[in-house]
S.K.: 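Got a structure for you, written out below as structure tokens; questions coming shortly.
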There are 2 protein chains.
Amino acid sequence: MAKPATRIQQKNQTAIMDAGLEVFSKYGFRGATLDQVAEAAGLSKPNLLYYFPSKDAIYTALLARLLENWLEPLHAMDDAGDPVEELLAYAQRKLVMSRDYPRESRLFANEIIQGAPHIKDVLAGELRDLVTDKSAVIARWIKAGKLRPVDPVHLIFSIWSLTQHYADFDVQVRAILGTADPFDDAAAHIDTTFRRMLTPGP
Amino acid sequence: MAKPATRIQQKNQTAIMDAGLEVFSKYGFRGATLDQVAEAAGLSKPNLLYYFPSKDAIYTALLARLLENWLEPLHAMDDAGDPVEELLAYAQRKLVMSRDYPRESRLFANEIIQGAPHIKDVLAGELRDLVTDKSAVIARWIKAGKLRPVDPVHLIFSIWSLTQHYADFDVQVRAILGTADPFDDAAAHIDTTFRRMLTPGP
DNA sequence: TCCGATTTTGACCATCTGGTCAAACAGAGG
DNA sequence: CCTCTGTTTGACCAGATGGTCAAAATCGGA
């Protein structure tokens, strides 16, 4: 029953997704217009709507694709690995994602800031479960004396906010630092931060 | 030449500013509509435009007022105080602002994420100068051995991101933690974080 | 009370926005 | 060459949006 999807379909669908990412991440759902998306995709508006039934459909498809990639690094945190290195690696992966996929980060940030109307259920469901799960892992690490005591959930919030900041507030960061690439220094800073936070102290 | 501003003018102007804050912080500049602002202010749209000449004027006025309050705590960081306590106090002040003025924080975040079209010059001017100035203070503290070495500018970014996260991503934070107020735990976590980061280690 | 200044509003407008539709246009297989 | 399926488009629509304007309502002081 499922149709194979022609070559031209795939080309246009990815063009639309990419254009939608560009526009929605810049203006938010309500601030973006279909004309903008169509132009960025190099298509006419009716043609765009031949591939996606509505503005909402494009946005929803984008969010769905995003959420997978977004949660993957946290999933990948390994119970059996070295606690400090696992957490540091997670933070660095998130930072690399901020550098390489800033539009995705801003799309997500826009959605959350505006009250997460499209994904509130995912936050309270899948995401909540995942964080609860990984928090338990971190708590076990702490109990085993492998990490300096810290609130596990707020530790995860810290990793999110510190890394995503460099994508979401990119303009501000660059305005303050000049135009130089901030990500190398950011990587060093984040490494230092979490090492001091998590490594047993004096 | 300047007119005194009647009582009714002040009442309506503040009503409009508050309504604008509510609406613009929720949808961003482009996503918000004058009708929404007018309704939130309890005025008709023409009446609203009697007090402010345009949508842009309301938004600009909001941003101007915001920026003052926003930079004040950083200004207040005292060269002569105890380094660790000054920085911790700054972080706590920012966190309290996230708790008490989340709409302001989200308004600012929306503006920055969308490329800061209205305040790019402030970022590259006033804000940049302020951060440069305070970074020098922090660098001096480090050189004097009062703080563990850390990149001063990225330290300031850390304070911003960790505190504003609780306002900007409020929905996500509450979805994960349940409905309980997250700010007490956040305060403790942030205190711990920066104390470990800045206090001389082993 | 009256008068000028301030405030409020209903009606209106041009433009934009998400979305529709029938018709025109490929492209591949026969 | 024709035809069938998939693709593209110009013209169009109803509702929303930022903004205008003249007239009406209200206010505050003399």
Side-chain angles (χ1 to χ4, degrees), chain A residues 1-64 107 110-111 114-115 117-118, chain B residues 1-63 107 110-111 114 117-118:
Chain A
M1 297 302 130
K3 315 128 203 172
T6 75
R7 203 159 301 147
I8 193 160
Q9 271 171 4
Q10 276 193 322
K11 190 194 74 169
N12 282 339
Q13 265 159 11
T14 62
I16 292 169
M17 293 285 271
D18 199 63
L21 179 60
E22 184 72 26
V23 175
F24 284 125
S25 70
K26 191 137 56 188
Y27 301 110
F29 179 70
R30 295 196 39 170
T33 76
L34 279 183
D35 295 84
Q36 288 175 302
V37 177
E39 198 197 320
L43 298 173
S44 66
K45 188 167 59 171
N47 200 9
L48 186 154
L49 288 164
Y50 171 73
Y51 290 100
F52 285 83
S54 68
K55 185 185 181 185
D56 214 279
I58 303 172
Y59 187 71
T60 301
L62 274 170
L63 277 183
L107 182 76
N110 261 314
E111 169 71 11
Q114 306 193 356
H118 294 77
Chain B
M1 296 298 133
K3 315 128 203 171
T6 73
R7 203 160 303 148
I8 193 159
Q9 271 170 4
Q10 276 194 322
K11 191 195 73 169
N12 282 340
Q13 266 159 11
T14 61
I16 291 168
M17 293 285 270
D18 198 63
L21 179 59
E22 183 72 25
V23 175
F24 284 124
S25 70
K26 191 137 55 187
Y27 300 110
F29 179 70
R30 296 194 39 169
T33 76
L34 279 182
D35 294 85
Q36 288 175 302
V37 177
E39 198 197 321
L43 298 173
S44 66
K45 188 167 58 172
N47 199 9
L48 185 153
L49 287 164
Y50 170 74
Y51 290 101
F52 285 84
S54 68
K55 184 185 180 184
D56 215 279
I58 303 172
Y59 187 71
T60 302
L62 274 170
L63 278 183
L107 182 77
N110 262 314
E111 169 71 11
Q114 306 193 355
H118 294 77

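Letters go in sequence order (proteins before strands), and every chain restarts at 1. Computation of the quantities below employed the complete heavy-atom set of this structure, encompassing side-chain atoms and omitting hydrogens, waters and symmetry-equivalent molecules.
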S.K.: Please report the shortest heavy-atom distance between B/Y27 and B/A32, naming the atom on each side.
M.R.: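 Reported closest heavy-atom pair: CB-N, 3.8 Å.
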S.K.: Could you state the CZ-P distance from A/R7 to C/dG27, rounded to the nearest angstrom?
M.R.: 13 Å
S.K.: What is the distance, to the nearest angstrom, from the CD atom on B/E39 to the C1' atom on C/dT8?
M.R.: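 Going from B/E39 (CD) to C/dT8 (C1'), I get 17 Å.
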S.K.: Is the shortest heavy-atom distance from the side chain of B/V37 to the side chain of B/K45 under 4.5 Å?
M.R.: no
S.K.: Is there a side-chain contact between B/I58 and B/L48, using heavy atoms and a 4.5 Å cut-off?
M.R.: yes
S.K.: I want to check one thing: is the phosphate of C/dT9, taken as OP1 and OP2, less than 4.0 Å away from some side-chain N or O of B/S44?
M.R.: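 For C/dT9, OP1 or OP2 has a side-chain N or O of B/S44 closer than 4.0 Å.
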S.K.: Expressed as a whole number of angstroms, how long is the span from A/L48:CG to D/dT9:P?
M.R.: 11 Å
S.K.: Nearest whole angstrom, please: distance from the P of D/dG10 to the CG of A/L49.
M.R.: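 Rounded to whole Å, this separation is 15 Å.
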S.K.: Side chains of A/K26 and A/N110: does their closest heavy-atom pair fall under 4.5 Å?
M.R.: no
S.K.: Between B/L34 (CG) and D/dG15 (P), how many Å, whole number?
M.R.: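 In whole Å, D/dG15 P and B/L34 CG are 21 Å from each other.
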S.K.: Reckon B/Q9 has a side-chain N or O less than 4.0 Å from the OP1 or OP2 of C/dT6?
M.R.: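 Result: no.
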S.K.: Between B/K45 (NZ) and C/dA11 (P), how many Å, whole number?
M.R.: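 Rounding to the nearest Å, NZ of B/K45 and P of C/dA11 are 14 Å apart.
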S.K.: Quick check: closest heavy atoms across B/F29 and B/K55, and the distance to 0.1 Å?
M.R.: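 In terms of heavy atoms, the two residues are closest at O-NZ, 3.0 Å.
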S.K.: Near DNA chain D, under 4.0 Å by heavy atom, which residues of residues 50-64 of chain A?
M.R.: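 When residues 50-64 of chain A is checked for heavy atoms under 4.0 Å from DNA chain D, the hits, listed by number, are A/Y50, A/Y51.
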S.K.: Which sits closer to the 5' end of DNA chain D, B/P46 or B/I8, going by the nucleotide each is nearest to?
M.R.: B/P46
S.K.: Round to a whole Å and report the spacing from CZ of A/R30 to P of C/dG18.
M.R.: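 The answer, rounded to whole Å, is 11 Å.
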S.K.: Does A/N47 put a side-chain nitrogen or oxygen below 4.0 Å from OP1 or OP2 of D/dT7?
M.R.: no
S.K.: Roughly how many Å is it from CZ in A/F29 to C1' in C/dG18, rounded to a whole number?
M.R.: 10 Å
S.K.: Whether B/N12 contacts C/dT6 is assessed here as follows: a side-chain N or O lying under 4.0 Å from the phosphate OP1 or OP2. Is that the case?
M.R.: no
S.K.: Side chains of A/E111 and A/F24: closer than 4.5 Å at any heavy-atom pair?
M.R.: no
S.K.: Heavy atoms under 4.0 Å, any strand shown: does A/A32 hit a base, just sugar-phosphate, or nothing?
M.R.: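 Contact class for A/A32: sugar-phosphate only.
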S.K.: Any side-chain heavy-atom pair from B/R30 and A/R30 closer than 4.5 angstrom?
M.R.: no
